[in-house]
S.K.: 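Pasting a structure below so you can have a look.
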Amino acid sequence: MFQENLLKGRAIFLTGGGTGLGRSMALRFAELGARMFLVGRREEPLRETCEEIHRAGGAAAFTTCDVRDYGAVEAAAAKAEEQFGEINALVNNAAGNFMARTEKLTPNAFNAVVGIVLNGTFHCTQVFGKRWISRKLGGNVLNIVTTYAAANCGSGFVVPSACAKAGVLAMTTSLAVEWAKFHIRLNAIAPGPFPTEGAWSRLMPSKPFEEHTKDKHPMKRFGKHEELANLAAFLLSDMAEFINGECVVIDGGQWLRGAGEFNDLLMLPEAAWEAMEAARAKKS
Ligand code: HXC
Ligand code: NAP
């Protein structure tokens, strides 16, 4: 359903583009015609992703950058412009996370995650926002959050991430209104579980826990990278010009599975349902 050149003419700055979902988005956007500028802290994965894009005939470049450092983000933005001219879109995908009992966290552990996710997203968003506003260009921001980012949800054992992602969601909705007059739109994607080295090594403590997570999932599976990359491409494209301030959940219904009071009735065997239905039929 996507035209081959859906993102042609776009230059996209994507954080955390060397690994996981960032890498998958970078490859897909480049396939759809975008020129990709990737940042992250480690050079090797960024270089490898760019090389794969080049091999497929696409355009990509990278620089190392810690998004926690505002000056480094400004320098990376300048490099991106040197490479591709004006940058049209920003994807805030870089994140840090780990599971921990909150009472054991050090202040530095909290700051490490919030610094990457919340401050890092603000740094990148403001650096490009300022440019787009002063140059009267318009722009497009896509923030990758999580389903537990919803302020009335959260999640135990990942409290720094939950706090930071909720902040990113608030930034998305706030700026969607504040910056709409500058033709800058902001949206978010809240993914459910998508297997990546980064997330799995930090958040899946064991194979049985992974199996349990899959088994509890209404679709009994995890997400496929192309499913998320295609949604992201759509939200960045002109097809989504009137979508602003939205957070699209892509989790196969996992979040709702946890929310509905009676959803655990999924555990009830067929035979129990049939017995109850037969008893009701006898009464009536
Ligand atoms: C408790 C921890 C910890 C852990 C680190 N710390 N890991 N505390 N439990 N597992 C503490 C350290 O002791 C230190 O505090 C502080 O955090 C900073 O640690 P550093 O290793 O110095 O930090 P840094 O090198 O900056 O690395 C940041 C990081 C790391 C977040 C800790 O994990 C990282 O680089 N992550 C990037 C990739 C990532 O996390 N990907 C997953 C994204 S998945 P002290 O006080 O000792 O100095 C996701 C959504 C998943 O976000 C949803 C799943 C379905
Ligand atoms: P990942 O591969 O670990 O991705 C995180 C990326 O962020 C890495 O490339 C990392 O590269 C980069 N990064 C971390 N700290 C950085 C910093 N300070 N400055 C610049 N870059 C930094 O994990 P992922 O699963 O693909 O996650 C991608 C996004 O999806 C994240 O926003 C995550 O919260 C979200 N998400 C994932 C899932 C899932 O199931 N996988 C679910 C919900 C949400 P360096 O280490 O080289 O810096």
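Just so you know, ligand 1 is whichever comes first in the structure, and atom 1 is the first atom listed for that ligand.
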S.K.: Measure from atom 10 (N) of ligand 1 to every heavy atom in Phe110, Tyr148, Phe98 and give the option owning the shortest one.
M.R.: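 Heavy atom nearest to atom 10 (N) of ligand 1 belongs to Phe98.
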
S.K.: Looking at atom 4 (O) of ligand 2, what's its closest protein heavy atom, distance included?
M.R.: Thr19 OG1, 3.5 Å

S.K.: Looking only at protein heavy atoms, which one is nearest to atom 12 (C) of ligand 1, and what is the separation?
M.R.: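 Here the closest protein heavy atom is Ala109 CB, 4.8 Å.
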
S.K.: Return yes if a side-chain donor-acceptor contact under 3.5 Å exists between Thr172 and Asn143, otherwise no.
M.R.: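 On atom types as modelled, these side chains qualify, holding a pair under 3.5 Å.
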
S.K.: Can you check atom 22 (O) of ligand 1: any protein non-hydrogen atom closer than 4.0 Å?
M.R.: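 No, there is no protein heavy atom closer to it than 4.0 Å.
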
S.K.: Looking at ligand 2, does Pro191 have a heavy atom less than 4.0 Å from it?
M.R.: yes

S.K.: Specify the protein heavy atom at minimum distance from atom 3 (O) of ligand 2: its residue, its atom name, and the distance to 0.1 Å.
M.R.: Gly198 CA, 3.3 Å

S.K.: Looking at atom 27 (O) of ligand 2, is any protein heavy atom nearer than 4.0 Å to it?
M.R.: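 Within 4.0 Å: no protein heavy atom nearby.
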
S.K.: Can you figure out which of Met99, Arg41, Met204 has its heavy atom closest to atom 25 (O) of ligand 1?
M.R.: Arg41

S.K.: Before giving the answer on side chain to side chain contact (heavy atoms under 4.5 Å, CB included), spell out for Leu21 and Thr196 the whole-Å C-alpha distance, their side-chain angles and the decisive distance to 0.1 Å.
M.R.: CA-CA 7 Å; Leu21 295 174; Thr196 66; 4.0 Å; yes

S.K.: Tell me: protein heavy atom nearest atom 47 (O) of ligand 2, and distance?
M.R.: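 I find the closest protein heavy atom is Arg42 NE, 2.8 Å.
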
S.K.: So is Ala95 touching ligand 1 or not, going by heavy atoms under 4.0 Å?
M.R.: yes

S.K.: Does Lys104 come within less than 4.0 angstrom of ligand 1, counting non-hydrogen atoms of the residue?
M.R.: no

S.K.: Between Met25 and Leu228, is a side chain to side chain contact (heavy atoms under 4.5 Å, CB included) present by the stated rule, with each step listed?
M.R.: CA-CA 8 Å; Met25 283 189 278; Leu228 184 132; 3.9 Å; yes

S.K.: I'd like the name of whichever of Val117, Asn92, Val67 reaches closest to atom 19 (N) of ligand 2 through any heavy atom.
M.R.: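 Result: the heavy atom closest to atom 19 (N) of ligand 2 is in Val67.
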
S.K.: How far is atom 53 (C) of ligand 1 from its nearest protein heavy atom, and which residue and atom is that?
M.R.: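 So the nearest neighbour among protein heavy atoms is Leu203 CD1, 4.1 Å.
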
S.K.: For atom CZ of Arg55, decide whether the heavy atoms of other residues, nucleotides or ligands shown that lie under 6.0 angstrom number more than 12.
M.R.: yes

S.K.: Tell me which protein heavy atom sits closest to atom 15 (O) of ligand 1, plus the residue, atom name and distance to 0.1 Å.
M.R.: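 Answer, as residue, atom name and distance: Thr106 OG1, 3.4 Å.
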
S.K.: Which residue owns the protein heavy atom closest to atom 41 (N) of ligand 1, what's the atom, and how far is it?
M.R.: Arg202 NH1, 3.6 Å

S.K.: Would you check the N or O atoms of Thr146, main chain and side chain alike, for any that come under 3.5 Å of an N or O of ligand 2?
M.R.: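 No, there is no polar N/O contact under 3.5 Å.
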
S.K.: What residue and atom, counting heavy atoms only, is the protein's closest point to atom 40 (O) of ligand 1, and at what distance?
M.R.: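 For this ligand atom, the closest protein heavy atom is Asn97 N, 2.9 Å.
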
S.K.: Could you tell me whether the side chains of Lys165 and Thr146 share a donor-acceptor contact shorter than 3.5 Å?
M.R.: no

S.K.: Students should be able to answer this: which protein heavy-atom is nearest to atom 18 (C) of ligand 1, and at what distance?
M.R.: Ala112 CB, 3.7 Å

S.K.: Does the protein put any heavy atom within less than 4.0 Å of atom 46 (O) of ligand 1?
M.R.: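 Under the 4.0 Å cut-off, atom 46 (O) of ligand 1 does have protein heavy-atom neighbours.
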
S.K.: Only heavy atoms count here, so choose which of Pro195, Ala95, Ala149, Ala94 is nearest to atom 22 (C) of ligand 2.
M.R.: Ala94

S.K.: Do other residues, nucleotides or ligands put more than 12 heavy atoms under 6.0 Å from Phe2 CZ?
M.R.: yes

S.K.: Between Asn92 and Thr125, do the side chains contain an N or O donor and an N or O acceptor separated by less than 3.5 Å?
M.R.: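 Short answer, yes.
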
S.K.: Among all protein heavy atoms, pick the one closest to atom 31 (C) of ligand 2 and tell me residue, atom and distance.
M.R.: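 For this ligand atom, the closest protein heavy atom is Asn93 O, 3.1 Å.
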
S.K.: Please write down residue, atom name and distance for the protein heavy atom closest to atom 48 (O) of ligand 1.
M.R.: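 Here the nearest protein heavy atom works out to Asn108 ND2, 2.8 Å.
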
S.K.: I'd like to know if Arg280 pairs up with Glu277 as an ion pair, taking the criterion as any Lys NZ or Arg NE/NH1/NH2 lying under 4.0 Å from an Asp or Glu carboxylate oxygen.
M.R.: no

S.K.: Quick one: nearest non-hydrogen protein atom to atom 31 (C) of ligand 1, plus distance?
M.R.: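 Among all protein heavy atoms, the one nearest atom 31 (C) of ligand 1 is Gly96 CA, 3.7 Å.
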
S.K.: If you take the nearest heavy atom of each of Phe194, Phe222, Trp200, which one is closest to atom 39 (C) of ligand 2?
M.R.: Phe194

S.K.: Evaluate ring-ring contact (aromatic ring centres under 6.0 Å, His included) for Phe222 paired with Trp200, printing each intermediate quantity in order.
M.R.: CA-CA 12 Å; Phe222 297 133; Trp200 255 230; 5.2 Å; yes

S.K.: How far apart are the C-alpha atoms of Phe37 and Phe62, what are their side-chain angles, what is the distance that settles it, and do they pass the ring-ring contact (aromatic ring centres under 6.0 Å, His included) test?
M.R.: CA-CA 5 Å; Phe37 195 86; Phe62 71 91; 8.1 Å; no

